[in-house]
Amino acid sequence: MNIHDQSFAAYQNFLRFSREVKIILLHPQSRWRSVIMARLLADSDLNSFYYALDVDDIKLGNFLPSLMATLSRQNVIFGRQMNVLPPNVFDDPYKHMEVILRTFIAELSELGDREIWLVLDEFDRADLADDVKRFVERLSRQAPARCKIVLNGRSLPRMPWLSMIANRQAVIIRDGQIVRKNIYGMPNAADASLKVLSLGPGYVFSDDYLIDNWEGHLPRLLLFFAMDRPEVTRNQICETFWPKLDIDPAVNVFHVTKRRLHKAIGMDVLAHDGKYYRVDRDTPFYFDAFEFVEALLEGRHGKPAEPFALWQRVAKLYRGPFLQGHDEGWILERREAYQNAYVEALENIAAIWQARESFELALHTLIRALETDFRREEIHLRLLRLYVQLGRRAEAVEHYRTLERWSKTNKTTLSGQVRQLFSDITA
C-alpha cells in the first residue's frame with residue numbers, strides 16, 4: 001500500500017472511530033496527524049470550524065475571545081449570544097463556566113442541523129491552561145451528540161481520558177487506529193507490588209497488604225486523582241480538593257497531604273518535574289481502571305477470539321461504583337462514566353446469552369443492568385420482549401407497572417415505543 005492509500009485509509013478510520021464520540025484526540029506521536037487534519041479541513045462533506053490556539057491562549061479569558069472572533073469569521077451568525085453576555089462573565093470566565101457553556105452550546109446549535117466539527121489545532125499551547133482544558137472537557141460532555149471536537153497538538157492533554165473513553169465520550173487515535181493499550185504511556189503491571197483499585201470502595205495494596213494508615217482520606221484520594229490523568233498541575237489539585245481556600249493555604253495543605261501519601265505508601269510515588277505531578281514512572285504499579293478501559297476498548301474495537309470471556313472480564317473488574325462512599329464532584333463524574341461502561345458490558349453479555357438461547361441467564365443479566373442503572377429505557381424494552389418471548393406476560397406487565405411508577409416518581413415520560421410494547425403485551 002502506497003503513502004496515498006495509507007493516508008486515505010487512516011482518514012477513513014478516523015471518521016469511522018469518530019462516529020460514536022464527541023471528542024477525538026489525535027495522539028501527539030501519530031505519524032498521520034497532519035495528513036488527517038488536512039483531509040478533515042478539505043472535506044466538503046463536513047461542517048468544520050477551525051481554530052489554532054495562539055501563544056497567548058494560556059487562560060480561558062484569552063482563549064474564549066480569540067475562539068469566538070475566529071469562528072465568527074467562518075460563520076457570521078456565530079457570536080450573537082456570546083457577545084451580549086455581561087462583561088463580568090468574561091472578567092472571570094472560570095467562575096461563570098456554566099453560563100458560558102450554555103451560551104456557547106446554544107451558538108453551536110444555531111450553526112445548522114448537520115454535524116459540527118470544531119477543530120482545535122496547536123492544542124499543546126494550552127498545556128498550562130487548566131481552565132481551557134476544563135472548558136473543552138465539559139463542552140464535550142454537554143454539547144449535542146452531533147458536535148465533534150478534534151484536538152491536535154504535540155502533547156497529551158491533561159484530561160481524565162480513562163473515564164471519558166469508558167463513557168464513549170472520547171477516543172484517542174494514533175496512526176489511524178484507536179489507542180487501546182498503555183493509554184498514558186505507562187505500563188500497567190498486574191504483578192506490581194503497588195495495586196490501586198478504584199472500582200469499589202477504593203483500596204490500595206502494597207505487597208498484598210492493605211494500606212490503611214492514611215491519616216485522613218485526602219492522601220488516598222490524591223493518589224486516585226493522580227492516577228486518573230496523564231499528569232496534573234498543583235493548581236488542578238488545589239482547585240479540586242480545596243476550592244474554597246486561597247492558593248497559598250491550599251498549597252500548604254497540599255504539601256502536607258502529599259507527605260502523608262508518601263508516608264503511607266513508603267515511597268515518593270508522586271513525582272514532580274517542575275511543572276506537573278504524575279505517578280512516578282519508575283514505580284511499577286497496577287491500576288484497575290487501566291485494565292478496565294483496555295478490556296472495554298478491546299471489546300468495542302478489537303476482534304477478540306472469545307468476546308464473551310472478554311465482556312465477562314470487564315464486568316468482573318467492576319467491583320462497584322468508582323470510589324464508593326465518596327461524593328466529591330470529580331468522583332461523581334468518573335462514577336457515572338464507569339457505571340455506563342459496566343452496563344454496556346452487561347448488555348453485551350445478555351445479548352450473547354440470548355444468542356445461545358440461554359434465556360434465563362440473559363434475563364438475569366438484564367435485571368443486573370437495571371439494578372445498576374434503572375434509567376436505561378432500551379434495557380427495559382429488551383427485558384419486556386424477553387419476558388414475552390418466554391411466555392411470562394404477567395411478569396412483563398408487573399415490570400412495566402414498576403417502570404411506570406418509577407417514571408412518575410422521577411417525573412420522566414415513557415417513550416411511545418415502551419407504551420406501544422405494553423399495549424401489544426396486554427392486547
Side-chain angles (χ1 to χ4, degrees), residues 1-54 63 66-82 101 103-124 126 135-154 157 159 161 164-165 167-180 297 300-303:
M1 186 181 293
N2 59 37
I3 292 179
H4 178 271
D5 291 339
Q6 290 180 48
S7 66
F8 179 77
Y11 180 62
Q12 293 303 309
N13 282 342
F14 165 83
L15 293 178
R16 178 165 59 91
F17 294 139
S18 301
R19 286 174 190 160
E20 295 183 355
V21 300
K22 290 195 289 187
I23 185 166
I24 306 102
L25 172 66
L26 295 175
H27 194 281
Q29 295 178 2
S30 176
R31 295 171 299 169
W32 300 109
R33 280 195 303 127
S34 299
V35 174
I36 288 175
M37 287 288 290
R39 284 185 175 274
L40 174 63
L41 296 175
D43 194 333
S44 59
D45 292 333
L46 300 183
N47 189 22
S48 300
F49 297 87
Y50 176 83
Y51 178 70
L53 273 73
D54 190 77
F63 169 76
S66 297
L67 174 65
M68 290 189 297
T70 301
L71 295 184
S72 66
R73 288 195 291 270
Q74 296 173 48
N75 190 305
V76 292
I77 71 169
F78 187 88
R80 292 184 300 176
Q81 298 183 57
M82 292 287 285
L101 276 170
T103 310
F104 192 86
I105 290 169
E107 295 272 16
L108 292 177
S109 299
E110 291 189 351
L111 296 178
D113 297 328
R114 299 167 58 198
E115 274 189 343
I116 299 165
W117 293 73
L118 177 60
V119 182
L120 300 178
D121 201 3
E122 306 287 349
F123 198 70
D124 54 287
F135 173 80
V136 172
E137 176 195 338
R138 294 183 67 178
L139 177 63
S140 71
R141 188 184 310 120
Q142 298 178 26
R146 62 188 179 87
C147 181
K148 310 285 184 184
I149 303 170
V150 180
L151 303 183
N152 183 42
R154 291 175 287 271
M159 294 182 182
W161 293 105
M164 292 166 68
I165 291 169
N167 206 28
R168 288 191 179 273
Q169 182 183 348
V171 291
I172 301 176
I173 297 178
R174 178 176 180 175
D175 296 335
Q177 297 297 323
I178 284 182
V179 175
R180 302 203 301 259
L297 286 170
R300 289 173 179 170
H301 305 291
K303 296 180 179 178

Distance (rounded to the nearest 0.5 Å) between [X] [atom1] and [Y] [atom2]:
{"X": "I178", "Y": "R16", "atom1": "CD1", "atom2": "CZ", "value": "8.0 Å"}
{"X": "I172", "Y": "M164", "atom1": "CD1", "atom2": "CE", "value": "8.5 Å"}
{"X": "L53", "Y": "T70", "atom1": "CG", "atom2": "OG1", "value": "9.5 Å"}
{"X": "W161", "Y": "I165", "atom1": "CH2", "atom2": "CD1", "value": "7.5 Å"}
{"X": "L118", "Y": "Y50", "atom1": "CG", "atom2": "OH", "value": "11.5 Å"}
{"X": "W117", "Y": "K148", "atom1": "CH2", "atom2": "NZ", "value": "6.0 Å"}

Can you establish whether the number of heavy atoms outside E20 located under 6.0 Å from its atom CD is more than 12? no
Could you check whether any side-chain N or O of [X] sits under 3.5 Å from a backbone N or O of [Y], counting only pairs where one atom can act as donor and the other as acceptor?
{"X": "R114", "Y": "D45", "answer": "yes"}
{"X": "R73", "Y": "M68", "answer": "no"}
{"X": "S109", "Y": "I105", "answer": "yes"}
{"X": "N152", "Y": "D121", "answer": "no"}
{"X": "S66", "Y": "F63", "answer": "no"}
{"X": "N13", "Y": "Q177", "answer": "no"}
{"X": "E107", "Y": "G79", "answer": "yes"}
{"X": "S30", "Y": "D175", "answer": "yes"}
{"X": "K22", "Y": "P144", "answer": "no"}

Classify the side-chain pair Q169/E137 by whether it contains a donor and acceptor separated by less than 3.5 Å. no
Beyond-backbone contact of [X] with [Y], side-chain heavy atoms, under 4.5 angstrom:
{"X": "I24", "Y": "I149", "result": "no"}
{"X": "F123", "Y": "L25", "result": "no"}
{"X": "R31", "Y": "R174", "result": "no"}

Shortest non-hydrogen contact between [X] and [Y], atoms and distance:
{"X": "D43", "Y": "L15", "value": "OD2-CD1, 4.4 Å"}
{"X": "A10", "Y": "I36", "value": "O-CD1, 4.1 Å"}
{"X": "P28", "Y": "R33", "value": "O-NE, 3.4 Å"}
{"X": "V136", "Y": "L151", "value": "CG1-CD2, 4.1 Å"}
{"X": "G176", "Y": "W32", "value": "N-CD1, 4.3 Å"}
{"X": "L108", "Y": "C147", "value": "CD1-SG, 3.8 Å"}

Parallel, tilted or perpendicular: which fits the ring planes of H301 and F17, with parallel below 30° and perpendicular above 60°? perpendicular
So Y11 and V35, side chain to side chain contact (heavy atoms under 4.5 Å, CB included) or not? Walk me through it. CA-CA 8 Å; Y11 180 62; V35 174; over 6 Å; no
Let's go through F104 and F135 carefully: what are the C-alpha distance in whole Å and the side-chain angles of both, what is the deciding distance for ring-ring contact (aromatic ring centres under 6.0 Å, His included) to 0.1 Å, and is it a yes or a no? CA-CA 11 Å; F104 192 86; F135 173 80; 5.6 Å; yes
Give the C-alpha distance, both sets of side-chain angles, the deciding distance and a yes or no for side chain to side chain contact (heavy atoms under 4.5 Å, CB included) between M37 and L26. CA-CA 9 Å; M37 287 288 290; L26 295 175; 3.9 Å; yes
Criterion side chain to side chain contact (heavy atoms under 4.5 Å, CB included) on L67 and L120, from CA distance to verdict: CA-CA 9 Å; L67 174 65; L120 300 178; 4.2 Å; yes
Go through it in stages, so that I can follow the logic: the residues are V119 and L41, the test is side chain to side chain contact (heavy atoms under 4.5 Å, CB included), and I'd like the CA-CA distance, side-chain angles, deciding distance and then a yes or no. CA-CA 9 Å; V119 182; L41 296 175; 4.2 Å; yes
